[in-house]
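Down below is the structure, laid out as structure tokens.
Model, not experiment: these values are computed from the prediction. Here is how names work: the chains are called A, B, and so on, in the same order as the sequence lines, proteins then strands, and each is numbered from 1.
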2 protein chains.
Amino acid sequence: MSSLAEIARICGVSVGAASKALSGKAGVSEATRQRILSVAAQHHYRPNRLVHAIQSGRSMTVGLTCNDFRNDFSGRIVEGMLEALYGADYDAIVISWDLCVHEGEKVLRTFAERRVDGLLMFPPADQPSQAYLQELKTFRRPIVVVDQTFAGVEDYDFVGSRDFEGGGLATEHLIGLGHRDIANLYYGKTSTGRARLEGFREAMQRHGLPVRGNWLAEIGRYDGNLDEPYELARRLLSQKDRPTALLAFNDPVAVQVLAAAHDLGVRVPEELSVVGFADLKMASHIRPRLTTVAQNPDELGRRAAARLLSRIGEDGNGSAADGPGVVERVPVSLVVRDSTRPPARGA
Amino acid sequence: MSSLAEIARICGVSVGAASKALSGKAGVSEATRQRILSVAAQHHYRPNRLVHAIQSGRSMTVGLTCNDFRNDFSGRIVEGMLEALYGADYDAIVISWDLCVHEGEKVLRTFAERRVDGLLMFPPADQPSQAYLQELKTFRRPIVVVDQTFAGVEDYDFVGSRDFEGGGLATEHLIGLGHRDIANLYYGKTSTGRARLEGFREAMQRHGLPVRGNWLAEIGRYDGNLDEPYELARRLLSQKDRPTALLAFNDPVAVQVLAAAHDLGVRVPEELSVVGFADLKMASHIRPRLTTVAQNPDELGRRAAARLLSRIGEDGNGSAADGPGVVERVPVSLVVRDSTRPPARGA
DNA sequence: CTGAAAGCGCTTACAG
DNA sequence: CTGAAAGCGCTTACAG
């Protein structure tokens, strides 16, 4: 990789002159500038941005920790982020959240040592260690938490979805169809899961409908296989007094509900209405097409990145010191498809 | 962010001494070292890795371009890469491939300016511009292409799956079940799609079975909605002489085939056997569970990263100059589930 | 054991 | 218009 010094030497000028010529600054004759420019192009000269980062104190990079890239939801969040960052000439250094949980402090140290200008945290359900939270405190740069909150990050900016409203929307939809016996397969370990459940509860209460204990199932372990959600759904649907409708934590869980119903011979939507959450691509691909609460992951990612960039712009290490973070909630909307319909039997 | 100079000043030593103490080098008394260490810890001193990158000529970062993070396949590749990189104390600067296609040269320039030590390219179907390929040539660092090849990158190292064998495996499975009338919904725009089709062709030929033109459908446009694959499947299955089995380009396409079959009232697997490719999570979640050719994306990612790291280790700008790149093919395997069974009517 | 100096690749005031 | 020098934050020979 040819250096400025080489270019300067070839052109017979000082590095200072070469620097000015290449950066478009005044102080060199047009002839000299052209000569330098052409030599630089010939030699594929690429200015070393690391130097600029050191000199300016801005690395023009942000750290990005993501829980998993395996689904259409987090993937689109990441894409939204990358898009917004790219537009601001920023790049992302990406580390998977798994590593954050297991070696969290080390990961944060890496980010600090690489002098990222800010941090985008897309956390999963697993609560990070105390050491991690501790290290976060000493991370003197803006942080934006995305989608999910957890204990210890209340002070940072947050961009998420209107999960509570989403839970309400889904419930209202089912109640509007005439359902009264509504089950909920929720994921209490995450802030989103709890909010959706609360939205459900509140809507049920508003309509004077009871939330029955045996129609409430909590997912304890959420992994890629989704074995537990499947089993829970199966158990729930095997009961004598089966619900006529079910709200799932999200689309993948809803797919497990469909699978369990299928395996038990319970027809959807004839005998059971199912609502998901997220509106992943799969939701409209499977049969029956899934009714779900659509989120806007791209927007989530873009807004999170935009907020971080604006914090970085504010300068003055806009970290926790500034007091409680700003909370932004992206709207959700109900998408009605084929997995819901009025109940067959009277409630 | 406190600097070494500050730490040194506080301790009343030279920066040189502080540097030695913190890096564990000899040349400072144990007492001094301890003092420096404790002051550094108190002030949350984080060495500036950008400086180290400049001094050593190694940034300990690699560029990673990915076509889309939206699915379980590419996501797991990326995770495999991040895992391997992290183990070698490397980090990834991630840019989405979309940007590579549209502003490819600019993206590569960014990587060059950030002095990444190598490049992991996970390309999609879209052929990048000439300007991009041109810029690639002047990128004097190792490059590893993953999963998919395209014209102009034959000289770089490549890590992909045994797509050809996979196509053969799937076909042999169907033939073994007694199918003779096998359709193929393929994606000719990608190297993987072409290889799978060839594997199919070769297997059919080996068994003396004809590949019928009207049972061969090429996907022209592959996007997230998969509207075209759905339509193609629908048309294919609406023919008078319907095939008894169908090979899909990949799992998402197979899901569209299931949807089309469902919508036409064609029962799977009773009237139609369907085989996918990839073994995404969804494959075992949907009903009927999908028979598919399993790939190993994590391994793909890990191997690609390992190969890149080894090239970087070799030093001497191991780029195209070294002649044709090494090609590595990760094995695939058939996973038989519920979407395939012997044909009902005689062939 | 400790400090002063050079150097990594650049930019930016400051002299000629 | 052009060059020499200082400085960004560090490391590493080289003197004391």
Q.
Could you check whether A/Q34 and A/E30, counting side-chain N and O atoms only, form a donor-acceptor pair closer than 3.5 Å?
A. yes
Q.
Could you check whether B/D91 and B/Y86, counting side-chain N and O atoms only, form a donor-acceptor pair closer than 3.5 Å?
A.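 No donor-acceptor contact under 3.5 Å links the two side chains.
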Q: Could you run through nucleotides 10-16 of chain D and give me one letter per nucleotide, 5' to 3': B if any protein heavy atom sits under 4.0 Å from the base, S if only the sugar-phosphate is that close, - if neither?
A: BBB----
Grab the [atom1]-[atom2] distance between [X] and [N] for me, whole Å please.
{"X": "A/E6", "N": "C/dC8", "atom1": "CD", "atom2": "P", "result": "11 Å"}
{"X": "B/R58", "N": "C/dG9", "atom1": "CZ", "atom2": "C1'", "result": "18 Å"}
{"X": "B/L50", "N": "D/dG7", "atom1": "CG", "atom2": "P", "result": "21 Å"}

Q: Quick one: list whatever passes side-chain hydrogen bond (donor to acceptor under 3.5 Å, both in side chains) with B/R33, sequence neighbours left out.
A: none
Q | B/R35: partners by side-chain hydrogen bond (donor to acceptor under 3.5 Å, both in side chains), with sequence neighbours left out | A | none
Q. Under the side chain to side chain contact (heavy atoms under 4.5 Å, CB included) test, which residues partner B/A26, sequence neighbours left out?
A.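 Not a single residue meets the side chain to side chain contact (heavy atoms under 4.5 Å, CB included) criterion with B/A26.
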**Q.** Those residues that, when tested against B/S2, pass side chain to side chain contact (heavy atoms under 4.5 Å, CB included) (two or more places apart)
**A.**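 For B/S2 the side chain to side chain contact (heavy atoms under 4.5 Å, CB included) partners, ignoring immediate neighbours, are B/E6, B/I7, B/H43, B/Y45.
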Q: With pairs defined as Watson-Crick or G-U wobble and both distances under 3.5 angstrom, please note down DNA chain C as a dot-bracket string, | for pairing with another strand.
A: |||.||||||||.|||
Q: Return yes when atom CD of B/Q42 has more than 12 non-hydrogen atoms of other residues, nucleotides or ligands closer than 6.0 Å, and no otherwise.
A: yes
(Q) Please confirm whether the shortest side-chain N or O distance from B/T32 to OP1 or OP2 of C/dC1 is below 4.0 Å. (A) no
Q. Base, sugar-phosphate, or nothing: which does B/S56 touch, judged by heavy atoms less than 4.0 Å apart?
A. nothing
Q: Between B/S14 and B/I54, just flag the one whose closest nucleotide in DNA chain C comes earlier from the 5' side.
A: B/S14
Q | Any side-chain heavy-atom pair of A/I95 and A/F111 under 4.5 Å | A |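 In contact.
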Q | Whole-Å P distance, C/dA4 and D/dG7 | A | 15 Å
